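Remember, predicted model here, so these are calculated numbers, not experimental data.
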Amino acid sequence: MILYMQAGIENQAAYAAGQPMLNIITFAWLYLLIGGAGCTTGLNIDMLLFGKSERYKALGKLSIIPQLTGINEPLIFGMPMILNPIMAIPFFLAPQVLIVITYVMMYFGLASYPIMATGAAGTPIFLGGYLICGISGIWLTLIQVIVSMVLYYPFFKIQDNMALKDEMENA
C-alpha cells in the first residue's frame, strides 16, 4: 500500500507543478471503484429499478444511501451475498472488470490520472470521482455504475425470482 501512496504523492506534486502525471495505479485509484467490496452499486440500483419481490425492493431502498458513499454492508448482509453461489459470480467478477475498464480508460487518455494522493472513505461516489480525476472522474464513475448494473442484472433476476416465489408461497 505504501507504494501506491508514493505514486499518488508523485502525481499530486506533478499536477500542482503543471507537469504530466506518470502513475495510473495509486492509492486514490483504489477509491475510484464504486460500491465497496464487490462493486455492488449496480446491484443496488438493479434492486430499486427492477426488483419485484418486496424483500429486495425494501433492501434496495434501505441500502441506497450508504451504498452511494461506498458502504455496502447493509446490501451484502441483507441480500445475503456471503456464501451465496448465485451472487458470488458477479461479486468477484465486477471488481475485476471495473479495474480493467478504469485502467484502460486512463491509459488511453479517456480519463485523467488520479490527481490526489489518496481518496476519502465515505465520499459520495460521483464527488469522489470528481475529486480524484476531475470531470473525467464523474464520467468514469457513471460508466462503472452502468457496467456494474449490467454485470449484476442477470444474477439478481434469478435471486429476485426465487424471493418472489418464496413470498407467494408464504402469502
### Message
One pair to check against side chain to side chain contact (heavy atoms under 4.5 Å, CB included): N84 and Q159. What are the steps and the verdict?
### Response
CA-CA 10 Å; N84 185 336; Q159 284 291 131; 3.4 Å; yes
### Query
So L75 and M47, side chain to side chain contact (heavy atoms under 4.5 Å, CB included) or not? Walk me through it.
CA-CA 10 Å; L75 182 69; M47 285 181 175; 3.3 Å; yes
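- Judged as a side chain to side chain donor-acceptor pair (under 3.5 Å), and not counting sequence neighbours, the contacts of N23 are E10, N11.
- Atom CG of L83 sits in a sparse spot, with 12 or fewer heavy atoms from other residues, nucleotides or ligands closer than 6.0 Å.
- With hydrogens and angles ignored, the 3.5 Å screen pairs no side-chain donor or acceptor of R55 with any backbone N or O of E167.
- Taken from CG in L62 to CG in N44, the straight-line distance is 9.0 Å, to the nearest 0.5 Å.
- Once rounded to the nearest 0.5 Å, the distance linking CD1 of I146 with CD1 of I34 reads 10.0 Å.
- Heavy-atom contacts from other residues, nucleotides or ligands closer than 6.0 Å to NZ of K157 number more than 12.
- Ring geometry, Y103 versus Y107: the interplanar angle falls under 30°, so the pair is classed parallel (tilted spans 30 to 60°).
- Checked against side chain to side chain donor-acceptor pair (under 3.5 Å), Q67 has the following partners two or more places apart in sequence or in another chain: T40, T41.
- Taking each heavy atom of A111 and L140 in turn, the nearest pair found is CB-CD2, 4.4 Å.
- The number of heavy atoms from other shown groups lying within 6.0 Å of OH (Y130) does not exceed 12.
- With D160 contributing its side chain and K52 its backbone, the two residues share a donor-acceptor pair below 3.5 Å.
- For L43 against M79, the heavy-atom pair with the smallest separation is CD2-SD, 4.1 Å.
- No continuous path of ILVMFWY side-chain contacts below 4.5 Å connects I71 to L127, so the two sit in separate hydrophobic clusters.
- Listed here is the closest heavy atom pair of M116 and T26: O-OG1, 4.5 Å.
- V150 and I99 fall into different hydrophobic clusters, where Ile, Leu, Val, Met, Phe, Trp and Tyr are joined by side-chain heavy atoms under 4.5 Å apart, directly or via other members.
- Put simply, CD1 on I101 and CG on L110 are 11.5 Å apart, with the number rounded to the nearest 0.5 Å.
- Between the CG atom of L59 and the CD atom of E54 there is a distance of 12.5 Å, given to the nearest 0.5 Å.
- Considering all non-hydrogen atoms of both residues, S112 and M106 come closest at O-CE, 3.4 Å.
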### Task
List the steps and the verdict of side chain to side chain contact (heavy atoms under 4.5 Å, CB included) for T102 and I24.
CA-CA 9 Å; T102 302; I24 292 177; over 6 Å; no
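- Between P90 and L151 the shortest heavy-atom distance is CB-O, 3.9 Å.
- In this structure, CE on M87 lies 11.5 Å from CD1 on I82, to the nearest 0.5 angstrom.
- Linking ILVMFWY side-chain heavy atoms closer than 4.5 Å, directly or via other members, places M149 and M81 in two distinct hydrophobic clusters.
- Checked against F156 for a ring-ring contact (aromatic ring centres under 6.0 Å, His included), the options F91, Y56, F50 give a single hit: Y56.
- Hydrophobic clustering (ILVMFWY, side-chain heavy atoms < 4.5 Å, transitive): V147 and F108 are in one cluster.
- Atom-to-atom distance recorded for T118:OG1 and I132:CD1 is 8.0 Å, nearest 0.5 angstrom.
- Residue L48 is not grouped with residue Y152 when hydrophobic side chains (ILVMFWY) are merged at heavy-atom distances under 4.5 angstrom, including chains of intermediate members.
- When atom types are taken as modelled, the side chain of S148 and the backbone of C39 share a donor-acceptor pair closer than 3.5 angstrom.
- Residues A37 and N72 come closest through the heavy atom pair O-ND2, 2.7 Å.
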